[in-house]
Amino acid sequence: MNIAKNVDHIKNQIPSYTSIIGVTKYVDTQVAKELYDHGITHLGENRPDVFLKKYHEIENPVTWHFIGTLQTRKVRDVINKIDYLHSLDRLSLADEIQKRTDQKVNCFVQVNVSEETSKHGLKKEDVIDFLKQLANHDKIKIVGLMTMAPDTDDTMVIRRCFSTLRQLQQEIQSLSLEHAPCKELSMGMTNDYQLAIEEGATFVRLGRCLVKGED
Ligand SMILES: *Cc1c(COP(=O)(O)O)cnc(C)c1O
């Protein structure tokens, strides 16, 4: 494992307006720190317990992203420690965040563009109604949309998923909702980040290609 080499390789392909989130769910705190030391200052975790462990063990001022499904009963454990939540997908979760947070939380609405049953997120048709219901949640700022591409090798299908998310973002922006500027697109993982970048990703969530290298 050569973190420096992996980071260089990825950085060379990522435009400056796109932020790399180093997903550290596969690795221990030591490797997460190494990523940070190589300039990956945004880190992401998908499970509350593992996130909390790293949060307490890493002293550097990491920008923390919570990228996994968040159970309502876990909100209080993490919500005041993270900088971004990528998985807002239901009103009950928004209600709990509103109740438990000390400050405004940057949230991505997770959209299940591909409608695979294995994936979380709102159907794209339901996103705008959901956003309108959040207008009274003054602790929630919708910074953007997040999706995970379908499990397929068909690059056309993956590209269409990402471009659909971008079109939905544009539709939302045209509504000029004060609580939902929706400037960001969180899309692209190890297998598909190049496509995501071509389709306008502003955050890519990268795990394996940073800690293991690409094939
Ligand atoms: C694990 C995970 C990633 C990173 O996946 P890789 O394929 O290892 O790059 C990105 N986003 C979410 C939501 C994840 O759970």
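Counting starts at 1 for both ligands and their atoms, following the listed order. Quick caveat: nothing in here was measured; it's all calculated off a predicted structure.
Close approach of ligand 1 to Leu206 is summarised as follows: ligand atoms under 4.0 Å from at least one heavy atom of the residue are 9 (O). Within ligand 1, the atoms closer than 4.0 Å to a non-hydrogen atom of Thr190 are 6 (P), 7 (O), 8 (O), 9 (O), numbered from 1 in the order shown. For ligand 1, the atoms closer than 4.0 angstrom to any heavy atom of Tyr26 are 1 (C), 5 (O), 6 (P), 8 (O). Remark: ligand 1 atoms within the under-4.0 Å shell around heavy atoms of Ile67 are 11 (N), 12 (C), 13 (C), 14 (C). Near Arg205, meaning under 4.0 Å from one of its heavy atoms, ligand 1 places the atoms 4 (C), 9 (O), 10 (C), 11 (N), 12 (C), 13 (C).
Of the candidates Lys25, Lys119, Met187, the one placing a heavy atom closest to atom 1 (C) of ligand 1 is Lys25.
Note on ligand 1: Tyr193 sits outside its first shell, no heavy atom being nearer than 4.0 Å. Contact between Asn191 and ligand 1 is absent, with no heavy atom of the residue lying under 4.0 Å from the ligand.
Ion pairing between a basic and an acidic side chain is recognised when a charged N comes within 4.0 Å of a carboxylate O; Lys119 and Asp89 show no such pairing.
Side-chain atoms of Gln98 and Asp138 include a donor-acceptor pair closer than 3.5 Å. Side chains of His137 and Asp95: a donor-acceptor N/O pair is present below 3.5 angstrom, by distance only. Checked by atom type, the side-chain pair Gln13/His9 shows a donor-acceptor distance below 3.5 Å.
For atom 7 (O) of ligand 1, the closest heavy atom belonging to the protein is Arg208 NH2, 2.7 Å.
The shortest N/O to N/O separation between Gly207 and ligand 1 falls below 3.5 Å.
A donor-acceptor pair is defined here as one N or O able to donate and one able to accept, closer than 3.5 Å; such a pair exists between the side chain of His179 and the backbone of Leu131. In this structure, the side chain of Asn80 engages the main chain of Asp102 through a donor-acceptor pair within 3.5 Å.
A cation-pi contact links Lys212 to Tyr26, judged by a cut-off of 6.0 Å to the six-membered ring centre and 45° from its axis.
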